[in-house]
Amino acid sequence: MYIKELASAEGGTASLQGWVANKRESKGIVFLVLRDGTGFCQCVVALDQVGPEVFEKASGLTMESSVKVNGRVVRDERQVGGFELQADGLEVYQVAEEYPISKKEHGVDFLMDNRHLWLRSSRQWAIMNIRNTIIYSIHRYFQEQGFLQMDAPIFTGNACEGTSNLFETDFYGDPAYLSQSGQLYGEALAMAFGRIYTFGPTFRAEKSKTRRHLSEFWMIEPEMAFYDIFQNMEVIEGMLHHVIRDVLATNRRELELIGRDTAILESSLKPFPRMTYDEAVRIIRGEQDVNGVNSIASLREELTAATARLEAVQQEIAEREAGLAKPGMKKGEIAFHQGKILQLRKEQDDLEEDLRNIPQWIESAENFQYGNDFGGSDETVLTRLFDVPVMVYDWPHEVKAFYLKRNPDDQSKARGVDVLAPEGYGEIVGGGERETDAEKLKQKIVEHELPMEAFEWYLDLRRYGSVPHSGFGLGLERVVTWICKLKHVRESIPFGRMYGRLLP
RNA sequence: UCCUCGAUAGCUCAGCUGGUUAGAGCGAGCGGCUGUUAACCGCUAGGUCGUUGGUUCGAGCCCAACUCGGGGAGCCA
């Protein structure tokens, strides 16, 4: 039986197999928190119930020891899953060696070195369950509408958008690259099957060390024949609504466990604001307000607030340290204050980071040059003003990919669309309507100095029955990161690959 | 590639303007306690202060280079 199914055995008996996630012990009673992958359940081993032999075994268990526990299923509202198991039998598979991950806090580097074990912790369990819901939800959304899931190759001979950030490998003596996008293949598939989506790994050899970059990540790339950019936006919004609704419906417990405030997720079920690049620029520069809020003014307010908070935090740290310096404090009290100080120092670090960042955001927002692509700070400045993802379309064609169609009414704009997640998460989707004219494409390929011969097959798509079509790419990990409100993408994927991280 | 912050016990951190035997909590081991939720209380063990070189009577602390890591810029999903 699995922990998830305990409700069906209430009042009866159950046999659980799993790992010891936590243990607390008193004379005559041992509390084992068992973890089996489907959930967590406290098992109570009482000396007078099981006898000295079994009790001795329970008492000798270490963290992450593997066991089988038989017992009575009792409802107990104090427990996470709502049930506990009152043991009458215990079988030990293995008494684990000293487990490196303790119940206290750890640093990122240590945890990443132990990622294979870190995944067992409740927070990671919750995140991975949400990731699973998101993946399943995306498949369901497209499958139910009749899209075909198709796979683009991972080895590619040509670069989709330039070669600078590609991983090069050896393909029987010829250079080959790991795919940085399946999009061009997606377009070929859409011309064959109408509406398709790819769902696969993508590789970017960017030496970026930021909280939103991975070298290997999973991308969903739908491509639809006969769709224009506005229909494309409908699909993006529909898909994200579907995903958010599914996560809210199936992962309430997990969201609570990781402390995710669901208010913004609920409000993201509203229609997403759609604005042109021009309008977004006016908002970033503070020339246009959003619901009465001005970007620059609100940044200034935040800067003031952060400065005041930092002073308060520093003062509290000083006070608590002074208190600790005095003799005669009880051990528990000392531990309490030390814990507080640790928390405050973390907050201090975060505030200091804000104080470094915000002035830069203000500067870059005030001096934003019309015609440029948005940087990370510009996205933050814009999305802070919304509680839903924002869709920005019609970008200056110079900053966007060669395959995007121009706005027929304004040739300076390309029909690309970026979806920017709120709360500072930035770009989660990039897409647009594709150029249909072979000659215009050729011209762009020349301008971008791309090897024409590698794109001949792509140009064929415009020679034989060219049609309007659109699509987009969704970064799975960025969506997981936003929905779970994680500080870093590395927690959104089982084994993240990024600059400086290849093991485990 | 650039900017910025950091590296002290198994883990998370403290260590004042350079000063003699480097501290705490957690974890581990032992003991105590029938209901705990990061349980609690007592005791014990545990350190070549990232590496190399320099300054100094004296370096965990100052300087330089390197290595590794955090955050950011660029680039992007």
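All figures in this text were calculated on a predicted structure; none of them were measured in a lab. We name chains A, B, ... by the order of the sequence lines, and we start the count at 1 in each one.
- Nucleotides B/A22 and B/C13 place their C1' atoms 14 Å apart, quoted to the nearest Å.
- With both ends at atom P, the span from B/G27 to B/C43 equals 16 Å, rounded to whole Å.
- If you measure from atom CG of A/D113 to atom C1' of B/C11, you get 13 Å, rounded to the nearest angstrom.
- Note on ring orientation: taking the six-membered ring where Trp is involved, the planes of A/W395 and A/Y277 are tilted (angle from 30° to 60°).
- Considering only side-chain atoms of A/T210, the nucleotide from B/A77, B/G74, B/C11 that sits closest is B/G74.
- Between the side chains of A/T380 and A/S377, no donor-acceptor pair of N or O atoms lies under 3.5 Å.
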Any chance you could list the contact pattern along nucleotides 27-37 of chain B? Use B for base contacts, S for sugar-phosphate-only contacts and - for none, protein heavy atoms under 4.0 Å, 5' to 3'. SS----BBBBB
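- Distances were taken from every side-chain heavy atom of A/R478 (C-beta onward) to each of B/C11, B/A39, B/A77; the shortest belongs to B/A77.
- The nucleotide B/G60 finds no pairing partner, because no Watson-Crick or G-U wobble arrangement with both distances shorter than 3.5 Å includes it.
- In this structure, B/A65 forms a base pair with B/U51, meeting either the Watson-Crick or the G-U wobble geometry with both donor-acceptor distances under 3.5 Å.
- A 6.0 Å sphere centred on CD of A/E56 holds no more than 12 heavy atoms belonging to other residues, nucleotides or ligands.
- Nucleotides of RNA chain B nearest to A/N22 and A/G430 differ in position, and the one nearer the 5' end is that of A/N22.
- Summarising the geometry, the separation between CE on A/M112 and P on B/G71 is reported as 10 Å, rounded to the nearest angstrom.
- Side chains of A/Y425 and A/R212: no donor on one and acceptor on the other come within 3.5 Å.
- With 3.5 Å as the limit, one finds a donor-acceptor pair spanning the side chains of A/Y403 and A/Q183.
- With 3.5 Å as the limit, one finds a donor-acceptor pair spanning the side chains of A/D378 and A/S364.
- Checked for salt-bridge contact, A/E423 and A/R260 meet the test: a charged N lies under 4.0 Å from a carboxylate O.
- Atom P of B/C5 sits at a distance of 41 Å from the matching atom of B/U44, rounded to the whole Å.
- Rounded to a whole angstrom, the distance from the P atom of B/A28 to that of B/G69 is 29 Å.
- No salt bridge links A/R75 with A/E84; every basic N to acidic carboxylate O contact stays at or beyond 4.0 Å.
- For A/E366 and A/R300, the salt-bridge test passes: some basic side-chain N is under 4.0 Å from an acidic carboxylate O.
- For the C1' atoms, the distance from B/C62 to B/C57 is 16 Å, rounded to whole Å.
- Rounded to an integer number of Å, the gap from A/H488 NE2 to B/A77 C1' is 15 Å.
- For the C1' atom pair drawn from B/C68 and B/U52, the interatomic distance equals 15 Å after rounding to whole Å.
- In this structure, B/C75 forms no base pair with any nucleotide, since neither Watson-Crick nor G-U wobble geometry is met with both distances under 3.5 Å.
- Base pairing of B/U17: no nucleotide in any strand meets the Watson-Crick or G-U wobble criterion (both distances under 3.5 Å).
- Residue contacts shown for A/F217 include a base, since a base heavy atom lies under 4.0 Å away.
- For A/D246 (side chain) and A/V243 (main-chain N/O), no donor-acceptor pair under 3.5 Å exists by modelled atom type.
- Residue A/R211 is in sugar-phosphate contact alone, with no base atom involved, counting any heavy-atom pair closer than 4.0 Å across all strands shown.
- Summarising the base pairing, B/G31 is matched to B/C41 through a Watson-Crick or G-U wobble pair whose two defining distances lie under 3.5 Å.
- Going from atom CH2 of A/W361 over to atom P of B/G71 covers 15 Å, rounded to whole Å.
- No contact: A/I101 has no heavy atom under 4.0 Å from any strand.
- The partner of B/G10 is B/C26, by the rule that a Watson-Crick or G-U pair needs both atom distances under 3.5 Å.
- Nucleotide B/C75 holds its P atom 15 Å from the CD atom of A/Q180, rounded to whole Å.
- A donor-acceptor contact under 3.5 angstrom links the side chains of A/S181 and A/E221, judged on distance only.
- Summarising the geometry, the separation between CD1 on A/I493 and P on B/A77 is reported as 16 Å, rounded to the nearest angstrom.
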Should A/Q49 and A/R72 be marked as a side chain to side chain donor-acceptor pair (under 3.5 Å) after you check the CA-CA gap, both sets of side-chain angles, and the distance that decides it? CA-CA 11 Å; A/Q49 292 288 309; A/R72 233 158 25 85; 5.7 Å; no
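- The nearest whole Å value for the distance from the CG atom in A/D373 to the P atom in B/G74 is 10 Å.
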Dump every N/O contact between nucleotides 67-69 of chain B and the protein below 3.5 Å, one line per pair.
| unit_1 | atom_1 | unit_2 | atom_2 | d |
| --- | --- | --- | --- | --- |
| B/G69 | OP1 | A/G500 | O | 2.9 |

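- Checking B/G71, B/G72, B/C75 against the side-chain heavy atoms of A/H213 singles out B/C75 as nearest.
- Regarding A/L166, its CG atom lies at a distance of 13 Å from the P atom of B/C76, rounded to whole Å.
- Of the P atoms belonging to B/A73 and B/U37, the separation is 43 Å, rounded to the nearest Å.
- Comparing B/C26 with B/C41, their P atoms are spaced 7 Å from each other, to the whole Å.
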